[in-house]
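Report on the following structure.
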2 protein chains.
Amino acid sequence: MPTQTAAQRRADARAAYDAYMAACPARELLDRISDKWVTLILNALADGPRRYSDLGRIIAGVSQKMLTQTLRGLERDGMVTRTVTPSVPVRVDYELTPLGVSLLPLVRAAKEWAETHIEEVHTARAAYDATGENG
Amino acid sequence: MPTQTAAQRRADARAAYDAYMAACPARELLDRISDKWVTLILNALADGPRRYSDLGRIIAGVSQKMLTQTLRGLERDGMVTRTVTPSVPVRVDYELTPLGVSLLPLVRAAKEWAETHIEEVHTARAAYDATGENG
DNA sequence: GCCGCTACTCTCCATCGGTAAGTACGTACC
DNA sequence: GGTACGTACTTACCGATGGAGAGTAGCGGC
């Protein structure tokens with residue numbers, strides 16, 4: 001233990017916390033739901049089931065890759081269901097499960113917070129950029 | 001306009017929504033607060049001001065790079081204040097602003113949701129992995 | 001029989017995030 | 001006086017992640 005640098009202690013702390021972190025459920029799901037596309041998809045599915053292409057249009061900015069990928073993740077986590085209708089062109093609908101629905105208040109709250117405080121943030125940014133520009 | 005493929009229409013839709021997206025405040029901030037480290041830092045600062053190194057220890061898993069980077073972003077957005085105390089080794093404290101505090105309920109709600117529903121997610125994952133394994 | 005539809009999948013590339021080492025400034029110890 | 005240590009970063013490198021866009025499968029319409 002002697003002759004230990006700050007860096008070493010930091011590494012130790014990290015290793016020690018790794019175990020703690022693995023046991024922390026909040027951390028695990030936080031990483032998951034703190035995802036840009038998850039939030040957006042959940043919100044898009046709030047009003048009811050949507051088709052794959054609809055989601056692509058509504059979310060607008062998501063790549064097909066990420067849309068598929070995120071939907072698969074949400075399906076795996078039991079937040080959406082995937083229903084394939086084998087019609088002429090295949091049709092796939094995604095719908096929130098109760099678990100997914102239980103996340104909606106959070107998503108809505110986030111949306112509301114964003115809408116309420118965006119001006120403050122813009123002001124803060126302008127101020128920060130102005131002071132930092134030549135200092 | 002004729003002879004337009006689905007891909008082209010998709011590109012059009014994307015371009016059209018770009019304008020809409022830029023005007024959508026929720027989207028802009030959602031991307032911001034839907035960040036793993038933002039959530040974690042906000043939570044770590046919930047009980048009061050913290051030093052840089054404390055944050056690194058508490059959050060445990062964050063790299064110094066991301067810690068600094070995320071803190072700068074939050075400072076720019078007016079959610080935390082950065083206070084330098086020019087003592088023997090420099091000391092820097094970060095503290096939530098009222099704006100940052102206003103995000104706390106959201107963060108806490110997310111944490112609670114995660115803790116409440118983690119089992120459901122684990123079950124869903126196990127079920128998904130089991131069915132998908134050989135099909 | 002080729003085109004186009006939907007719902008993807010694949011490839012390529014840029015950006016992001018992690019690791020680890022380095023920096024600046026100052027004190028303390030030998 | 002020089003080297004080691006402390007804090008709070010910054011920098012270099014590198015692998016993983018995400019975006020753009022083209023390709024794929026199965027089928028109906030013309």
Side-chain angles (χ1 to χ4, degrees), chain A residues 1-15 17-18 21 31-32 34-41 49-75 80 82-94 132, chain B residues 1-15 17-18 21 31-32 34-41 49-75 80 82-94 132:
Chain A
M1 251 118 249
T3 330
Q4 210 182 217
T5 68
Q8 284 174 318
R9 258 191 282 123
R10 206 171 292 141
D12 277 6
R14 185 145 308 160
Y17 269 102
D18 266 354
M21 205 166 43
D31 289 3
R32 194 90 192 170
S34 287
D35 180 275
K36 180 180 169 178
W37 300 127
V38 165
T39 320
L40 260 14
I41 287 179
R50 292 279 187 187
R51 300 184 53 179
Y52 177 84
S53 51
D54 284 344
L55 287 174
R57 261 186 294 276
I58 293 166
I59 296 176
V62 70
S63 63
Q64 293 187 312
K65 178 181 161 185
M66 282 317 292
L67 184 53
T68 303
Q69 200 170 296
T70 310
L71 283 168
R72 287 290 143 80
L74 289 174
E75 192 195 352
V80 304
R82 182 171 176 271
T83 313
V84 181
T85 309
S87 56
V88 182
V90 203
R91 174 200 174 101
V92 182
D93 288 275
Y94 291 92
Chain B
M1 258 117 260
T3 329
Q4 211 183 218
T5 69
Q8 284 174 319
R9 258 190 284 125
R10 206 171 294 141
D12 277 7
R14 186 144 306 159
Y17 269 101
D18 266 355
M21 209 168 38
D31 289 3
R32 195 91 192 168
S34 287
D35 180 273
K36 180 180 170 177
W37 299 126
V38 165
T39 320
L40 261 12
I41 287 179
R50 293 277 187 186
R51 301 183 54 178
Y52 177 85
S53 50
D54 285 343
L55 288 173
R57 261 186 295 274
I58 292 167
I59 295 177
V62 70
S63 62
Q64 292 186 315
K65 177 181 162 185
M66 282 317 293
L67 184 53
T68 303
Q69 201 170 296
T70 309
L71 283 168
R72 288 287 143 81
L74 288 174
E75 192 195 354
V80 303
R82 181 172 178 273
T83 313
V84 181
T85 308
S87 56
V88 181
V90 203
R91 175 202 173 99
V92 181
D93 288 274
Y94 292 93

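In the text below, chain A, chain B and the rest are named by the order of the sequence lines, each starting its count at 1. The basis for the numbers below is simple: all heavy atoms, side chains too, and nothing from hydrogens, waters or symmetry mates.
For D/dC9, one of the phosphate oxygens OP1 or OP2 lies less than 4.0 angstrom from a side-chain nitrogen or oxygen of B/Tyr94. The shortest distance between the side-chain N/O atoms of A/Thr68 and the OP1/OP2 oxygens of C/dC8 is not below 4.0 Å. One finds no side-chain N or O of A/Trp37 lying less than 4.0 angstrom from the OP1 or OP2 phosphate oxygen of D/dT17. A sub-4.0 Å separation between OP1 or OP2 of C/dA7 and a side-chain N or O of A/Arg51 is present. Between D/dG18 and A/Gln69, a contact under 4.0 Å exists linking OP1 or OP2 to a side-chain N or O. Remark: A/Arg82 is in phosphate contact with C/dC8, judged by side-chain N or O atoms under 4.0 Å from OP1 or OP2. Here A/Arg72 reaches the OP1 or OP2 of C/dC8: one of its side-chain N or O atoms lies under 4.0 Å away. In this structure, B/Ser53 reaches the D/dA8 phosphate: one of its side-chain N or O atoms is under 4.0 Å from OP1 or OP2.
Between the CD atom of B/Glu75 and the OG1 atom of B/Thr70 there is a distance of 12.5 Å, given to the nearest 0.5 Å.
Among C/dG18, D/dA20, D/dA8, the nucleotide with an atom closest to any side-chain atom of A/Ser63 is D/dA20. Of the candidate nucleotides C/dA7, D/dT10, D/dG18, D/dT10 has the atom lying nearest to any side-chain atom of B/Gln64.
With rounding to whole Å, A/Lys65 atom NZ is found 12 Å from C/dC12 atom P. Across the protein-nucleic acid pair, B/Met66 atom CE and D/dT17 atom C1' stand 13 Å apart, rounded to whole Å. Taking atom CG of residue B/Asp35 and atom P of nucleotide D/dT17, one finds them 16 Å apart after rounding to whole Å. Between B/Arg91 atom CZ and C/dG26 atom P there is a gap of 18 Å when expressed in whole angstrom units. As rounded to whole Å, 17 Å separates atom P of C/dT15 from atom CG of B/Asp31. Taking atom CG of B/Leu67 as the reference point, atom P of D/dC9 lies 8 Å away to the nearest angstrom. The distance between atom NZ of B/Lys36 and atom C1' of D/dT17, rounded to the nearest whole Å, is 12 Å. Put simply, CG on A/Asp54 is 13 Å from P on C/dC8, counting in whole angstrom units.
Nearest heavy-atom pair, A/Arg32 versus A/Gly73, reported as atom, atom and distance to 0.1 Å: NH2-CA, 3.3 Å. The shortest non-hydrogen separation linking B/Val80 to B/Leu71 is CG2-O, 3.9 Å.
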Let's go through A/Val62 and A/Leu40 carefully: what are the C-alpha distance in whole Å and the side-chain angles of both, what is the deciding distance for side chain to side chain contact (heavy atoms under 4.5 Å, CB included) to 0.1 Å, and is it a yes or a no? CA-CA 9 Å; A/Val62 70; A/Leu40 260 14; over 6 Å; no
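With B/Tyr94 as reference, B/Arg82 is the one residue of B/Arg50, B/Arg51, B/Arg82 to meet the side-chain hydrogen bond (donor to acceptor under 3.5 Å, both in side chains) rule.
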